[in-house]
Structures are given as C-alpha cells and as structure tokens.
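Given the structure is predicted, the values throughout are model-derived calculations rather than measurements. Throughout, protein chains are lettered first and strands after them, A, B, ... in sequence-line order, and every chain is numbered starting at 1.
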Number of protein chains: 2
Amino acid sequence: MTPASFRVLLALAGGPAHGYAVMRFVGRLSEGTVRLGPGTLYRTLQRLRADGLVEEVGGNDPTAPHDARRRYYRLTPAGRRAAETEARLLARTLRAAVERGLIAPEEGQGR
Amino acid sequence: MTPASFRVLLALAGGPAHGYAVMRFVGRLSEGTVRLGPGTLYRTLQRLRADGLVEEVGGNDPTAPHDARRRYYRLTPAGRRAAETEARLLARTLRAAVERGLIAPEEGQGR
DNA sequence: GGGTGTAGTATCCATCGTCGATATATCAAC
DNA sequence: GTTGATATATCGACGATGGATACTACACCC
C-alpha cells in the first residue's frame with residue numbers, strides 16, 4: 001500500500017467525502033507539511049476504485065448544499081479491511097519508534 | 001521523507017548497524033509483508049548519507065565477530081531529529097486511525 | 001583443500017508513484 | 001459580471017521502488 005493510498009482510505013474512513021475534502025484532510029493531518037497534490041489524489045482514487053477499495057456514491061451529500069462539481073466516494077468493506085491492516089502495521093512501526101526512544105510513550109496515541 | 005528512508009532511520013535508531021541487518025529489521029517490523037530490496041536499501045543509505053542524516057562508522061562492531069564485508073552506519077544528530085519529526089507525524093496519523101475506528105485504542109501503542 | 005550455502009554489498013533497469021503545472025467548470029461574494 | 005476560491009481531471013517530468021544480477025567473504029562439512 002502506498003502512503004497516498006492509505007491517506008485517502010483514512011480520510012474516507014470518517015465517512016463519504018469528495019476529492020477536495022480528502023486533499024484538505026491530508027493537509028490538516030500533517031499540519032500542512034504533507035500535501036496531496038491533485039495529480040496524486042485523483043490518480044490514487046482511480047486506482048483504489050479499480051481495486052475495489054473505494055466506490056463512488058451516487059448523488060450528493062444531503063447534509064451539504066448541493067454542488068454539481070462534487071463527486072463523493074466511500075470505502076467498500078474491502079477498503080475498510082485494507083485500511084485496518086495498514087493501520088495495524090503503522091501501530092507496530094510506531095511501537096518500534098517508542099522502544100527506540102524517538103518519541104515519548106504518551107505520544108504513541110494520546111492527545 | 002520517503003517510507004524507505006524512515007524505516008532505515010528507525011532501524012538505526014536502535015544503534016549502529018550494517019545494511020543487511022537493516023533489511024532484516026524492516027522485514028521483521030511488518031512480519032514479512034514489507035521488505036526492503038537491496039536496490040532500495042543501498043540507494044537510500046547513499047541518499048541519507050548525502051543529506052547528513054546517516055554516517056558510516058569507521059571500524060567494525062567490537063561486540064560482533066569480525067566480518068570484512070560489513071559496513072556499519074549510525075544516525076547523526078540531524079538524522080535522529082528527522083526520525084523524531086517523522087515519528088510524531090506517524091503518531092498523529094495513527095491517532096486519526098483510532099478516531100475513525102480502524103483499530104482499537106489499545107492497539108495504538110500497547111501490547 | 002574443495003564445495004556448497006548463506007551473508008553482505010553494490011549496481012542496473014523497468015516500473016510505478018508522486019509532484020507540479022495546466023486546464024476547465026462551478027460556486028459565492030460583491 | 002468579475003474576481004477568487006472550490007472542485008475535478010489530465011499530462012509529463014522526475015524520483016523512488018523492486019527485482020535481477022553480480023561479486024566477494026564467511027561458515028560449515030566432507
């Protein structure tokens with residue numbers, strides 16, 4: 001799994017969203033240091049759809065004002081499983097970082 | 001920071017090591033699902049050295065039997081700082097995964 | 001001593017992912 | 001209706017990755 005793919009899946013794990021919202025989510029996640037350019041974003045979305053991890057939601061978000069430009073995506077069950085697997089790997093990696101004193105144990109999850 | 005770079009820095013955060021040991025560490029870290037090929041490994045080591053994040057240690061590891069093939073590397077202070085920054089970013093990402101219910105909170109660091 | 005297997009470093013190339021630029025359309029505000 | 005932000009999409013250049021390959025050094029066994 002590529003980093004970009006996981007970030008997209010992570011964004012969609014919070015519920016259906018459109019592409020631009022995913023971009024902003026990734027930016028916030030790193031406080032602006034990592035950003036997903038449009039090239040990477042839409043290419044990644046296509047790949048994830050082809051792999052059956054993400055699907056497009058027909059229609060718009062009823063809780064948001066109508067916007068004809070937006071296209072909404074959501075995780076498929078397989079997409080959620082893939083995200084869970086990757087998250088566990090990330091947790092394992094982070095544990096190693098704590099063991100090696102790179103970050104304090106509290107930083108491992110809290111805050 | 002590329003994933004491969006971080007994995008190398010993480011391996012070296014446990015103390016000086018030679019290239020092959022880094023490869024094995026990365027394999028163990030993911031229980032075999034992620035492996036760092038030799039191409040990626042040595043290319044990454046070169047880049048990290050050029051960036052001043054890793055340096056070669058003169059001489060062999062005194063606690064290990066002499067092996068003329070091995071070349072040992074260790075983190076520079078800048079390398080450690082870079083690894084810490086990246087680890088904090090990963091911690092942030094993992095927290096988002098927990099919030100979104102991808103993994104249980106305990107898995108965030110414990111076990 | 002010779003042979004075999006593994007450890008260890010290194011390079012090359014094909015492939016894939018990422019980034020930035022660009023284009024275009026839509027919405028909101030004034 | 002003009003401006004600027006939002007939103008989707010594609011393209012080409014570039015960089016990172018992975019696999020194959022090659023070569024050397026060590027360990028073991030007969």
Side-chain angles (χ1 to χ4, degrees), chain A residues 1-12 16-30 32-51 53-61 64-74 82 86 89, chain B residues 1-12 16-30 32-51 53-61 64-74 82 86 89:
Chain A
M1 162 111 37
T2 71
S5 290
F6 177 64
R7 290 187 184 114
V8 170
L9 294 182
L10 182 56
L12 295 182
H18 55 98
Y20 202 76
V22 172
M23 264 183 71
R24 274 180 291 152
F25 167 80
V26 172
R28 277 200 313 277
L29 190 61
S30 66
T33 58
V34 177
R35 52 185 296 262
L36 204 56
T40 306
L41 170 67
Y42 291 105
R43 191 167 229 279
T44 300
L45 276 174
Q46 279 184 328
R47 200 177 340 120
L48 291 174
R49 282 173 57 189
D51 293 345
L53 302 183
V54 161
E55 62 190 355
E56 189 172 354
V57 183
N60 258 321
D61 182 357
H66 177 77
D67 189 331
R69 294 168 300 175
R70 292 181 172 172
R71 304 179 62 177
Y72 284 83
Y73 304 92
R74 72 172 159 219
E86 192 69 13
L89 176 55
Chain B
M1 162 116 32
T2 70
S5 291
F6 177 67
R7 290 187 185 113
V8 171
L9 293 182
L10 182 56
L12 296 182
H18 56 97
Y20 202 76
V22 172
M23 265 184 70
R24 275 180 290 153
F25 167 81
V26 172
R28 277 199 313 276
L29 190 61
S30 65
T33 58
V34 177
R35 51 188 296 261
L36 204 56
T40 306
L41 171 67
Y42 291 104
R43 192 165 226 279
T44 300
L45 275 174
Q46 279 183 329
R47 201 178 340 122
L48 290 174
R49 282 173 57 189
D51 293 346
L53 302 183
V54 161
E55 61 189 356
E56 190 171 354
V57 183
N60 258 322
D61 181 358
H66 177 77
D67 189 332
R69 296 167 298 173
R70 294 182 172 173
R71 303 178 61 178
Y72 283 82
Y73 303 93
R74 71 172 159 218
E86 191 69 12
L89 176 55

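Applying the salt bridge (Lys or Arg N to Asp or Glu O under 4.0 Å) rule to Arg49(B) yields the partners Glu56(B); only residues at least two apart in sequence or on another chain are considered.
Residues Asp67(B) and His18(B) have side chains not in contact (no heavy-atom distance under 4.5 Å, counting atoms from C-beta outward). Contact check for Val22(A) versus Leu45(A): no side-chain heavy atoms found under the 4.5 Å cut-off.
The base of dG17(C) is not paired with the side chain of Thr40(A) by any donor and acceptor separated by under 3.5 Å.
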So which protein nitrogen or oxygen atoms get under 3.5 Å of nucleotides 1-3 of chain C's nitrogens or oxygens?
none

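Put simply, CG on Leu36(B) is 11 Å from C1' on dA16(D), counting in whole angstrom units. Straight-line distance from the CZ atom of Arg35(A) to the C1' atom of dT18(C): 12 Å, rounded to whole Å.
Between dT18(C) and Thr2(A), a contact under 4.0 Å exists linking OP1 or OP2 to a side-chain N or O.
A distance of 9.5 Å separates CG in Leu89(B) from CE in Met1(B), rounded to the nearest 0.5 Å. One finds the OG1 atom of Thr33(B) at 8.0 Å from the CD atom of Glu86(A) (value rounded to the nearest 0.5 Å). Leu48(A) contributes atom CG, which lies 8.0 Å from atom CG of Leu12(A) (distance to the nearest 0.5 angstrom). Rounded to the nearest 0.5 Å, atoms CG (Asp51(B)) and OG (Ser5(B)) are 8.0 Å apart.
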### Query
Can you give one letter per nucleotide of nucleotides 23-30 of chain C, going 5' to 3': B for a protein heavy atom under 4.0 Å from the base, S for sugar-phosphate only, - for none?
---BS---
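Looking at residues 20-27 of chain B, you'll see that no heavy atom sits under 4.0 Å from any atom of DNA chain D. Residues from residues 41-49 of chain B placing a heavy atom under 4.0 Å of any atom in DNA chain C, listed by number, are Tyr42(B), Gln46(B).
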### Query
What's the verdict on side-chain contact (heavy atoms from CB on, under 4.5 Å) for Arg70(A) and Tyr72(A), showing C-alpha distance, side-chain angles and the deciding distance?
CA-CA 6 Å; Arg70(A) 292 181 172 172; Tyr72(A) 284 83; 3.3 Å; yes
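Heavy atoms of Phe6(A) sit nowhere under 4.0 angstrom from any nucleic acid atom. Within 4.0 Å of Pro38(B), counting heavy atoms only, lies at least one base atom of the nucleic acid. Here Gly39(B) lies in heavy-atom contact (under 4.0 Å) with a base.
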Donor-acceptor contacts, no H, no angles, side chain residues 36-44 of chain B, under 3.5 Å, sequence neighbours left out:
| residue | atom | partner | partner atom | Å |
| --- | --- | --- | --- | --- |
| Thr44(B) | OG1 | Thr40(B) | O | 2.6 |

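The 12-atom threshold is not exceeded at CZ of Arg35(A), counting heavy atoms of other residues, nucleotides or ligands nearer than 6.0 Å.
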